[in-house]
2 protein chains.
Amino acid sequence: MTKETNYTFDSVRIVMVNTTEPGNIGAAARAMKNMNLSRLYLVNPRGYPSAVATARASGADDVLSQAVVCNSLEEALQGTHLVIGASARQRNIKWRQMDVVSACAEIKQTTGIKGQEVAVVFGTEKFGLTNEELDLCQILMTIPGNPNYFSLNVASAIQVFAYQNYVYNTTTEFEKSENVLASYQELEGFYAHFSQVLEYIEYFEDKRPKALLMRRLRRFFGRAEPEKEEVAIFRGILRNIKPYLK
Amino acid sequence: MTKETNYTFDSVRIVMVNTTEPGNIGAAARAMKNMNLSRLYLVNPRGYPSAVATARASGADDVLSQAVVCNSLEEALQGTHLVIGASARQRNIKWRQMDVVSACAEIKQTTGIKGQEVAVVFGTEKFGLTNEELDLCQILMTIPGNPNYFSLNVASAIQVFAYQNYVYNTTTEFEKSENVLASYQELEGFYAHFSQVLEYIEYFEDKRPKALLMRRLRRFFGRAEPEKEEVAIFRGILRNIKPYLK
């Protein structure tokens with residue numbers, strides 16, 4: 001279904017700072033694993049580890065069990081080359097701000113060089129990141145949303161970032177129908193047959209001129225790009241109408 | 001921060017079918033409101049209304065209180081003009097499949113005509129939508145993700161869609177710095193000053209040729225697009241070094 005165009009996912013760590021609800025840590029682990037991220041750093045998590053976190057992780061407990069618990073944000077950032085702070089709103093212009101897609105572009109560029117790591121940092125449920133924490137970030141990534149209600153759950157924010165990062169780094173290909181399309185001749189044969197039947201049942205009249213109605217029917221069927229078998233079905237219907245006509 | 005380019009949000013309803021965990025309904029309401037959606041339809045929700053749902057809604061209780069509870073999916077789809085089913089994986093090719101961005105494009109086109117409504121339908125936590133439910137959908141929207149673990153929480157799936165739909169229909173503008181950039185003359189003056197100081201401290205030598213090092217320093221400073229005030233800060237530093245040099 002999806003094909004990774006690079007292997008940068010392992011170079012991205014999610015850092016959660018001073019998270020107060022262990023359930024959000026579990027939900028974050030699940031959000032990450034769904035989008036191919038696995039490296040979680042927890043700075044002073046409250047009430048963690050916890051059964052609530054494990055329950056909410058729902059099968060992403062490997063992400064939880066590998067999570068690195070740190071005493072400070074500085075500790076969690078050791079070994080990284082680009083630090084991105086997440087914010088639900090725009091902040092003071094002293095930080096370089098960008099939207100999620102642009103942040104993903106920076107991440108891709110940075111992790112494209114082997115050994116370069118990126119941290120994406122999320123603050124507390126109530127207040128997000130402090131200014132002092134943002135001072136450790138080179139980029140402030142802003143998640144857009146309803147200006148009249150912005151109360152994004154921290155695990156939801158991680159979900160949004162992780163989704164965007166996944167989409168940015170993969171291509172999705174949908175299985176194509178292998179059914180053969182109707183040929184020009186088959187379509188024209190069908191329209192001719194259809195038109196004959198409509199004439200026979202006296203469908204066309206002054207208010208329903210043949211030329212106009214046939215054009216509309218062609219427009220409709222053409223838009224659906226009929227398959228060979230589908231045209232055969234319609235012709236079968238037309239044939240089966242005949243015996244019932246007076 | 002963000003500017004809506006159209007007002008289609010009111011024409012989109014989120015339909016949750018047979019949701020088993022009321023907490024997910026609350027989380028979905030919160031996810032929706034954050035991304036400017038407000039119309040929630042609940043088909044046979046289990047254990048709803050519930051205090052858990054309200055707690056998880058966290059301020060989006062208006063979305064919950066306006067939610068329409070239905071006895072069937074058919075009832076929830078009354079009045080819509082386009083029905084999109086959400087799926088965490090690709091299904092049989094008999095449905096027209098597309099990714100989230102493409103689905104948002106279809107939604108924008110449909111809701112662009114006044115009075116036309118769109119439903120985006122999400123199935124149960126465990127199994128998603130049934131084939132019979134998908135038969136009521138014109139489009140199957142596939143949320144991409146880790147092929148080895150796809151267990152997206154239903155509220156997280158709604159969050160992902162709602163985010164993508166918000167981004168698709170809004171433009172985000174970041175406040176630009178109003179600080180004046182350094183002029184060509186100011187930059188050149190700085191480089192000359194810098195080079196003088198480096199010569200004075202005998203930084204340049206055979207292994208650190210002046211031409212090469214100055215080019216690298218120019219490259220670095222040029223990339224940062226220095227502001228007038230920043231160049232003034234650096235020149236101040238250079239001036240303050242002087243008295244301390246032998």
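By convention in this document, chain letters (A, B, ...) are assigned in the order of the sequence lines, proteins followed by strands, and residues within each chain are numbered from 1. Nothing here was measured: the structure is a model prediction, and the numbers come from that model.
- For the atom pair OG1 of B/T170 and CG of A/D99, the computed distance is 9.5 Å after rounding to the nearest 0.5 Å.
- Applying the salt bridge (Lys or Arg N to Asp or Glu O under 4.0 Å) test to every pair with at least one member in residues 131-159 of chain A, sequence neighbours left out, gives these pairs: A/K94-A/D135.
- When all heavy atoms of A/Q97 and B/F174 are compared, the closest pair comes out as CB-CD2, 3.7 Å.
- Panel note: side chain B/Y149, backbone A/K33; no donor-acceptor pair is recorded below 3.5 Å.
- B/N146 places no side-chain N or O within donor-acceptor distance of the main-chain N or O of A/M35, the cut-off being under 3.5 Å.
- Side chains of A/Y163 and B/Q159: a donor-acceptor N/O pair is absent below 3.5 angstrom, by distance only.
- Ranking B/A60, B/G59, B/S156, B/S151 against chain A, the residue ahead of the rest is B/S151, based on heavy-atom pairs under 4.5 Å.
- The backbone N or O of B/L152 lies less than 3.5 Å from a partner atom in the side chain of A/N34, making a donor-acceptor pair.
- More than 12 heavy atoms of other residues, nucleotides or ligands lie within 6.0 Å of CD in B/Q138, so this atom counts as buried by the packing criterion.
- Both the backbone and the side chain of B/F150 come within less than 4.5 Å of a heavy atom of chain A.
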